[in-house]
Protein chains: 2
Amino acid sequence: MTAGNADVFAALASPVRRELTALLLSGPRSVNDLASHFEMSRPSVSEHLRVLRDAGLVSEERSGRLRLYRLEAEPLMEVSRWLSPYERFWRDRLAGLRELLDEENGDDHER
Amino acid sequence: MTAGNADVFAALASPVRRELTALLLSGPRSVNDLASHFEMSRPSVSEHLRVLRDAGLVSEERSGRLRLYRLEAEPLMEVSRWLSPYERFWRDRLAGLRELLDEENGDDHER
DNA sequence: TTGACATGTAGGAGATCTCCTACCTATTGT
DNA sequence: ACAATAGGTAGGAGATCTCCTACATGTCAA
């Protein structure tokens, strides 16, 4: 089970785990490297990494005695796909709002 | 405090709450209307709505003895903004993948 | 081989989540 | 005013989360 069966949103619900994914944006990192950015113990970071792994958000690659964690794109793309109907929703909303503003004052706006 | 102080990602971590926001895409709905789509008790749905409200994802408007819950765009836009660096990430990744495939097309590999 | 390092796992304490069943309040229709 | 309707809140049971400290495992260097 390398894949992501677990809930991606639940995995991203923790600020710690979001920071972990942010750290991994710049490339793969070892556990100790990642853990050094937090106050909490290294084993706790390890557990957060497991949650991310179970959600498919990261993968691990062994390299000697290091384990490099790497960000995986697919689950994030899922989030993006989930978001798209809502993007349409707020675009419509903003369009409606602008219409309203336009008709409420005939002034010309800058920009 | 109508605004969303609570964690949007945590609010979206629950499948029930994601389904609630999906239901609200088509427009404002009352609590009973929303609750009718779930197996769980109405008070439990009410609590989920509170979590969404605390995150700013929905707002409530009283209309007689009904309370209409309405989807709010702003927190979803925050999610979208959070996502954008990752979008860049996976685009780069896909671009790299295509490059790799293109150059593998030239020579023949086994399989 | 031995020691040092990198990391995962076990087990547990305490906090939080999720659901329930009462119960309370506000609004509407008669 | 009274009953019915809509919906929030209290309190609690059980599950899950989050963190910790040991401890186990695997790898490298001497």
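Throughout, a chain's letter reflects where its sequence line sits, starting with A, and its residues are numbered from 1.
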Rounded interatomic separation in angstrom, taking [atom1] from [X] and [atom2] from [N]:
| X | N | atom1 | atom2 | result |
| --- | --- | --- | --- | --- |
| B:Leu66 | D:dG8 | CG | C1' | 14 Å |
| B:Arg65 | D:dA4 | CZ | C1' | 7 Å |
| B:Arg29 | D:dG7 | CZ | P | 13 Å |
| B:Arg50 | D:dT9 | CZ | P | 5 Å |
| B:Leu68 | D:dG7 | CG | P | 8 Å |

If you find the nucleotide of DNA chain D closest to A:Ser63 and the one closest to A:Arg17, which residue's nucleotide is nearer the 5' end?
->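 Counting from the 5' end, the first nearest nucleotide belongs to A:Arg17.
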Which sits closer to the 5' end of DNA chain D, A:Gly64 or B:Leu49, going by the nucleotide each is nearest to?
->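 Going by which nucleotide is closer to the 5' end, it is B:Leu49.
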When we call it a touch if two heavy atoms are under 4.0 Å apart, what does A:Arg62 touch: a base, just sugar-phosphate, or nothing?
->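 The answer is nothing, as A:Arg62 stays clear of every strand by at least 4.0 Å.
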Inspect the surroundings of CZ in A:Arg81 and state if more than 12 heavy atoms from other residues, nucleotides or ligands are less than 6.0 Å away.
->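 Atom CZ in A:Arg81 is crowded, with more than 12 foreign heavy atoms closer than 6.0 Å.
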Would you give the length of the straight line joining atom CG of A:Asp33 to atom OG of A:Ser30, rounded to the nearest 0.5 angstrom?
->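 A:Asp33 CG to A:Ser30 OG: 4.5 Å, rounded to 0.5 Å.
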From A:Ser59 OG over to A:Leu71 CG, what is the distance, rounded to the nearest 0.5 angstrom?
->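 One finds 8.5 Å between OG of A:Ser59 and CG of A:Leu71.
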Is it true that a side-chain atom of A:Arg18 and a backbone atom of B:Phe9 form a donor plus acceptor pair closer than 3.5 Å?
->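 The answer is no, because no donor-acceptor pair under 3.5 Å joins these two groups.
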Is B:Arg29 reaching over with its side chain to a backbone N or O of B:Leu34, donor-acceptor style, under 3.5 angstrom?
->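 Answer holds: no.
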Boundaries of the DNA chain C segment in contact with chain A, non-hydrogen, under 4.0 Å |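 Using the under 4.0 Å cut-off, the span is C:dA4 to C:dG11.
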Should the pair B:Arg67-B:Glu61 be classified as a salt bridge under the 4.0 Å nitrogen-to-oxygen rule?
->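 So B:Arg67 does not pair with B:Glu61 through a salt bridge.
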Side-chain ion pair, A:Glu60 and A:Arg62, N-O less than 4.0 Å |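 Judged by the 4.0 Å cut-off on N to carboxylate O distance, A:Glu60 and A:Arg62 do form a salt bridge.
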Grab the two heavy atoms, one from B:Trp90 and one from A:Ser80, that are nearest each other, plus how far apart they are.
->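 So the minimum-distance heavy-atom pair works out to CH2-CB, 3.6 Å.
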Start with the C-alpha gap between A:Glu72 and B:Arg93, add the side-chain angles, then the distance that decides, and say whether side chain to side chain contact (heavy atoms under 4.5 Å, CB included) holds.
-> CA-CA 9 Å; A:Glu72 292 294 334; B:Arg93 212 162 213 241; 3.4 Å; yes
Using a cut-off of strictly less than 4.0 Å between a heavy atom of the residue and any atom of DNA chain D, enumerate the qualifying residues of residues 38-47 of chain A by number.
->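 By residue number: A:Met40, A:Ser41, A:Pro43, A:Ser44, A:Glu47.
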